[in-house]
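Order of the sequence lines sets the chain letters (A, B, ...), proteins ahead of strands, with each chain counted from 1.
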There are 2 protein chains.
Amino acid sequence: MPTIKDVARAANCSTATVSRALASPEKVTASTRERVNRAIAEVGYSPNVAARNLRRSESRTIVILLPDISNPFFSAIINGMEDVAHSAGYQVLIGDCDLDPSRAEAYFSLLPTNQADGIILLTSDVPAVLVQQAHRRPDFPLVMACEFYDDIELPTVCIDNFAAARHAIDYLQSLGHSRIGSISGPLLNPICRERVKGYQAAMKDAGQTLAEPWMREGDFSFHSGYQQGLQLLEDAANRPTAVFCHSDEMAIGVLKAARQLDLDVPGDLSVIGFDNIGFSEYCEPELTTISQPRNDIGQQAMKNLLDIIGGKQVAARQILSTQLIVRESTGRAPTV
Amino acid sequence: MPTIKDVARAANCSTATVSRALASPEKVTASTRERVNRAIAEVGYSPNVAARNLRRSESRTIVILLPDISNPFFSAIINGMEDVAHSAGYQVLIGDCDLDPSRAEAYFSLLPTNQADGIILLTSDVPAVLVQQAHRRPDFPLVMACEFYDDIELPTVCIDNFAAARHAIDYLQSLGHSRIGSISGPLLNPICRERVKGYQAAMKDAGQTLAEPWMREGDFSFHSGYQQGLQLLEDAANRPTAVFCHSDEMAIGVLKAARQLDLDVPGDLSVIGFDNIGFSEYCEPELTTISQPRNDIGQQAMKNLLDIIGGKQVAARQILSTQLIVRESTGRAPTV
DNA sequence: TGCTTGAATGTAATGCATTACATCAATAAC
DNA sequence: GTTATTGATGTAATGCATTACATTCAAGCA
C-alpha cells in the first residue's frame with residue numbers, strides 16, 4: 001500500500017502539504033491541491049486509518065449497545081443510526097448485551113482506550129453504577145435512545161411512554177372496554193414503569209378499579225406473552241376483555257394463548273401491541289399496535305451523539321411522537 | 001492514559017520486555033513477568049490498539065456482510081459468529097448491503113487498507129466480479145456462510161439445499177400431496193436454484209408433472225409470499241394442495257393469502273417454510289419448516305475465516321444438517 | 001527601497017507498540 | 001580455564017499520518 005510519502009514524492013511536495021490538502025483544503029493553493037489529488041489517484045493512495053487514529057486519538061467508531069440483536073424492533077433504529085454515522089465518516093459497532101451484562105463493561109472500556117468515540121445505549125439493562133460512573137467522566141460521549149435511567153441525566157431521544165400507553169387504553173375504553181389487562185416488559189425498566197403508569201392513570205380516570213392479577217410482567221418475548229396471556233385469561237369468571245402489551249411479540253404470544261383458550265379476537269378479547277414490527281401485519285388477526293418512529297429515533301440519537309463528540313450541547317430529552325395503528329385485533333367490548 | 005513506557009518505568013525494565021511479557025510470556029523470566037504484571041495493574045495500563053494495529057498491520061476486525069439486518073434469520077448466525085470472534089480477540093463489523101450494492105465495495109476496500117482482517121459473506125448479492133477479484137488476491141481472507149457462488153471457489157459452510165428441499169417435498173408427498181407449488185427466493189441466488197432443483201427432482205421422481213404457474217419467485221419477504229401466494233391460490237380449478245416456501249416469512253405471507261381466500265390450513269392447503277424463525281412457532285397455524293443449525297453455521301464460518309487468517313487451509317465446503325420441524329401447517333392432502 | 005505581514009510550504013517531532021538486532025551473563029562443553 | 005551456546009534483556013528503528021514550529025516568498029505599506 002502506498003503511503004503519504006509516496007503521494008508527496010509524486011506530487012513533488014512534503015507530506016505535510018498532502019495531509020493538509022486532504023484535511024483542510026483551504027490551507028493549500030488550488031494548484032497544489034490539484035497536483036496532490038492527481039498524485040493520490042496516480043499512486044492509488046488511501047490513508048492508513050490506524051496511523052491516523054493513533055495520531056488523532058480517535059477511532060471514528062460508535063458503539064451501539066442493545067439487549068438483543070434478534071429483536072426486530074431494533075433493526076430500523078440501527079439503520080437510522082448507521083445512515084447518520086456513515087455519512088459522518090463513522091463506523092458502527094453493534095454490541096449485544098443479551099447474555100452477559102459484563103459484556104457492557106468491556107464495551108464501555110473501549111472509550112478510554114480510544115477504540116470507540118461514543119456509545120449509544122438502547123437498553124437500560126446496563127448496571128446503573130457503570131453508566132453513572134461513565135457519565136461523570138469529562139470526555140465520555142454517551143446518549144440513549146428509546147430508554148432512559150431514572151436518576152441519570154443522559155441525553156435521550158424517546159417517545160412519551162406514559163402518553164402512548166394512555167392513548168392505547170383510551171382507545172380500548174372508547175370501544176367499551178373496562179376490564180383491561182396489561183402485560184408489561186420488565187418492571188426494572190423505566191419505560192415499562194412509565195407505560196404502566198399511563199395504563200393505571202387511564203384506568204383510574206375512567207373510574208375503574210385495577211384488579212391486581214390483571215397487571216402482569218413479561219420480558220417482551222413471544223413466550224412470556226404467551227405464558228402471561230394464558231394465566232391472565234384462564235379464569236373465565238374474572239377475565240379481562242382487552243389486553244395491552246408492551247411489545248408486539250408479547251401481543252402475538254397472547255393471540256396464541258387466546259386461540260388455545262378458544263377465545264375469539266377481537267370478538268371475545270381485544271389485543272393491542274407495541275412497536276409495530278413487521279410481523280404485526282401478518283399475524284392472525286393483524287395486530288393493532290403503537291408505532292414508534294424507529295428510523296427517526298435512530299437518526300436523532302446518532303446526531304446527538306455526534307454533536308456531543310463535536311463539543312456541542314444537546315437537549316436532555318427529545319420526545320418523538322407515536323401513532324396508534326388500528327388493525328384487526330381490537331374491537332368493541334363483548335356485551336355481557 | 002498510561003503507555004507502555006510508564007509500565008516499563010514502574011517495572012524497572014525496557015518497553016521491549018513489557019511488550020514481550022504481554023505477547024509472548026515464555027520469552028520472559030517468571031519473576032520479570034510477575035513484576036511487569038504488577039506494574040501494569042499499578043499504573044492501570046491497557047495497550048493502545050491503534051498503535052498495535054499500525055505496527056502489526058492488522059485490525060482484529062471481521063466484516064460480516066448481509067443483505068438485511070432486520071431479517072431475523074441472520075441474528076442467530078451473527079451470534080454464533082460473534083462468540084467465536086470475540087473469544088479470539090476479534091471485533092465484528094456488521095455491514096448491511098440492503099439498499100445499496102455499492103456499499104459492499106466500500107466494505108471490501110477495508111481489507112487492503114488494514115481496516116479489517118477478513119470478510120464473511122452471508123449473501124450472494126455482492127457483484128460476482130467484485131468477489132472474484134477479491135478472492136484472487138493473495139491476502140484477502142474471504143469466506144461465505146449459508147450461500148455460495150456458482151463459479152467462485154469460496155470456502156463456505158452451508159446446508160444441502162437440494163436435499164433439504166427434496167426432504168420437504170418428500171414429506172408433503174408422504175402426506176398424499178401431489179399438487180405441490182413452490183415459492184422460491186430470488187432465482188439469481190444459487191441456493192434458491194438448488195432448492196428449486198430439489199423440488200423439481202422430488203416431483204419428477206414421484207412421476208408428477210410440473211405445472212409452470214406453480215413455480216413462483218419471491219424475495220423472502222412476508223409481502224412477496226403473500227402476493228405470490230394469492231396468485232398461486234386464486235384459481236380454484238388449478239390450485240395446489242401444498243406450497244413449499246424458501247423462507248418462513250414467505251410461508252407466513254402465504255398463510256395470510258390462504259385466510260383471505262378462505263382456505264383452511266392444513267385442511268385445504270399445507271404450507272411449509274424454511275429457516276425456523278422465532279415467529280414460526282407463534283403464527284396461526286404454527287408453521288412446519290426446515291430448521292438450519294444457524295448458530296453452528298455462524299461459529300463454523302467464523303472459525304474458517306480465522307483459520308484462513310492464521311494461514312491454514314480450510315475445507316471448500318462444509319455441509320451441516322437440517323431438520324424438518326413438523327408443526328400444524330401441514331396435513332394430509334384433501335380428498336377430492 | 002526597506003520593512004511588515006500573512007499565506008504557502010517544509011522540517012521534524014509526535015503518538016504508541018512491536019521487533020530485529022545487539023548486548024550481556026550464565027551455563028555447558030572441551 | 002576458555003570458548004561456544006543459550007536465554008534474558010535492552011536499544012533503537014519502524015509503521016504512517018498529523019501538526020507545532022520554522023522558513024520562504026510575495027504583496028502591502030511607508
Side-chain angles (χ1 to χ4, degrees), chain A residues 1-40 43-61 89 109-117 139, chain B residues 1-40 43-61 89 109-117 139:
Chain A
M1 269 280 122
T3 74
I4 199 170
K5 268 192 183 172
D6 302 310
V7 179
R9 198 175 309 124
N12 195 30
C13 65
S14 74
T15 61
T17 301
V18 177
S19 180
R20 278 190 285 254
L22 287 169
S24 30
E26 75 283 0
K27 288 188 184 165
V28 151
T29 337
S31 72
T32 324
R33 208 181 311 146
E34 173 69 12
R35 207 148 33 88
V36 168
N37 287 333
R38 251 203 311 275
I40 287 175
V43 303
Y45 168 74
S46 68
N48 180 311
V49 175
R52 168 179 293 171
N53 290 347
L54 172 59
R55 194 55 238 240
R56 290 196 182 155
S57 320
E58 65 174 22
S59 64
R60 294 253 141 191
T61 297
S109 74
L110 295 179
L111 249 71
T113 55
N114 285 323
Q115 292 175 81
D117 297 344
D139 200 49
Chain B
M1 272 279 123
T3 73
I4 200 170
K5 269 192 184 173
D6 301 311
V7 178
R9 200 174 308 124
N12 195 32
C13 66
S14 73
T15 61
T17 302
V18 177
S19 179
R20 279 190 284 254
L22 287 170
S24 31
E26 76 282 0
K27 287 189 186 167
V28 151
T29 338
S31 72
T32 326
R33 207 183 310 145
E34 174 68 12
R35 208 150 29 92
V36 168
N37 287 333
R38 250 203 311 275
I40 287 175
V43 304
Y45 168 74
S46 67
N48 181 310
V49 176
R52 169 178 293 170
N53 290 347
L54 172 58
R55 195 53 241 241
R56 291 196 182 155
S57 319
E58 64 175 23
S59 64
R60 295 254 139 192
T61 298
S109 75
L110 295 179
L111 248 69
T113 56
N114 286 322
Q115 291 174 83
D117 297 344
D139 200 48

**Report entry** Terminal axis angle for the helix from dT1(C)-dA30(D) to dC30(C)-dG1(D), five pairs an end, nearest 10 degrees
**Finding:** 50°

Query raised in the report: Counting only N and O atoms by type, is there a donor-acceptor contact under 3.5 Å from the side chain of Asp6(A) to the main-chain atoms of Thr3(A)?
Result: yes

Write out a two-atom table: protein N or O, nucleotide N or O from nucleotides 9-16 of chain D, distance below 3.5 Å.
residue: dT9(D); atom: OP1; partner: Thr29(B); partner atom: OG1; Å: 2.9
residue: dT9(D); atom: OP1; partner: Thr32(B); partner atom: OG1; Å: 2.6
residue: dT9(D); atom: OP2; partner: Thr29(B); partner atom: N; Å: 3.1
residue: dT9(D); atom: OP2; partner: Thr29(B); partner atom: OG1; Å: 2.9
residue: dT9(D); atom: OP2; partner: Thr32(B); partner atom: OG1; Å: 3.3
residue: dG10(D); atom: OP2; partner: Ser14(B); partner atom: N; Å: 2.8
residue: dG10(D); atom: OP2; partner: Ser14(B); partner atom: OG; Å: 3.1
residue: dG10(D); atom: OP2; partner: Thr17(B); partner atom: OG1; Å: 2.5
residue: dG10(D); atom: N7; partner: Arg20(B); partner atom: NH2; Å: 2.8
residue: dG10(D); atom: O6; partner: Arg20(B); partner atom: NH1; Å: 3.2
residue: dT14(D); atom: O2; partner: Arg55(B); partner atom: NH1; Å: 2.2

**Report entry** Approximate separation, where rounding is to 0.5 Å, of Ile4(A) CD1 and Arg52(A) CZ
**Finding:** 8.5 Å

Query raised in the report: Side chain of Ser59(A), backbone of Gln115(A): donor and acceptor closer than 3.5 Å?
Result: yes

Report summary line: When rounded to the nearest 0.5 Å, the distance separating CG of Asn53(A) from CG of Asn114(A) is 8.5 Å

Query raised in the report: For Ala21(A), does its backbone N or O pair with a side-chain atom of Arg33(A) as donor and acceptor, under 3.5 Å?
Result: no

Query raised in the report: Quick one: does Arg20(B)'s side chain have a donor or acceptor within less than 3.5 Å of a partner on Lys27(B)'s backbone?
Result: no

Query raised in the report: Short question: side chain of Thr113(B), backbone of Ser109(B) - any donor-acceptor pair under 3.5 Å?
Result: yes

Requested in this report: Write down the distance between CD (Gln115(A)) and P (dA17(C)), rounded to a whole number of angstrom.
Outcome: 12 Å

Query raised in the report: Mind checking what makes salt bridge (Lys or Arg N to Asp or Glu O under 4.0 Å) contact with Glu58(B), not counting sequence neighbours?
Result: Arg56(B), Arg60(B)

**Report entry** Interatomic distance, Ile40(B) CD1 vs dA17(C) P [rounded to whole Å]
**Finding:** 10 Å

Query raised in the report: Leu22(B) has an atom CG; how far is it from atom P of dT19(C), in whole Å?
Result: 12 Å

